[in-house]
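For reference, the structure is listed below as structure tokens.
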Amino acid sequence: MLISMYHIRITSLAFGVRSMSQRAVAMEAEVPQSTINRIERGKLAGVNSTTAIKIAKVLGVSLDYLIAGKGSGPVDGIKSNLAKTDPCT
């Protein structure tokens, strides 16, 4: 079980940066909406690694970023995607 302040990052990414509903995150990550709800409210002490990986993928961030706030965050991911598609970078 992964225990962290990940719920703050999930909430800000999903509902702030990505404008995704709990239902949308749950459906795309293939996890129960109740799990996403409990994460958002900080009522879930941790999630298993499979669930964390699915949520990170849906939110477009690395697992390191989701769990520990390190690694590829949303801005890094955007820069990386731009570098792949823009021949001038």
To the nearest 0.5 angstrom, please state how far the CD1 atom of Ile36 sits from the CD atom of Glu28.
10.5 Å
Rounded to the nearest 0.5 Å, the CE atom of Met27 sits from the OG atom of Ser21 at a distance of 9.0 Å
Closest non-hydrogen atoms of Val47 and Ala52, given as atom of the first, atom of the second and distance, are CG2-CB, 3.8 Å
Which distance, rounded to the nearest 0.5 Å, do you find between the NZ of Lys54 and the CG of Leu66?
14.0 Å
Testing Arg23, Lys43, Gln22 one by one against Asn37 for a side-chain hydrogen bond (donor to acceptor under 3.5 Å, both in side chains), which residue passes?
Gln22
Considering only heavy atoms from C-beta outward, does the side chain of Ile55 approach that of Ile39 to under 4.5 Å?
yes
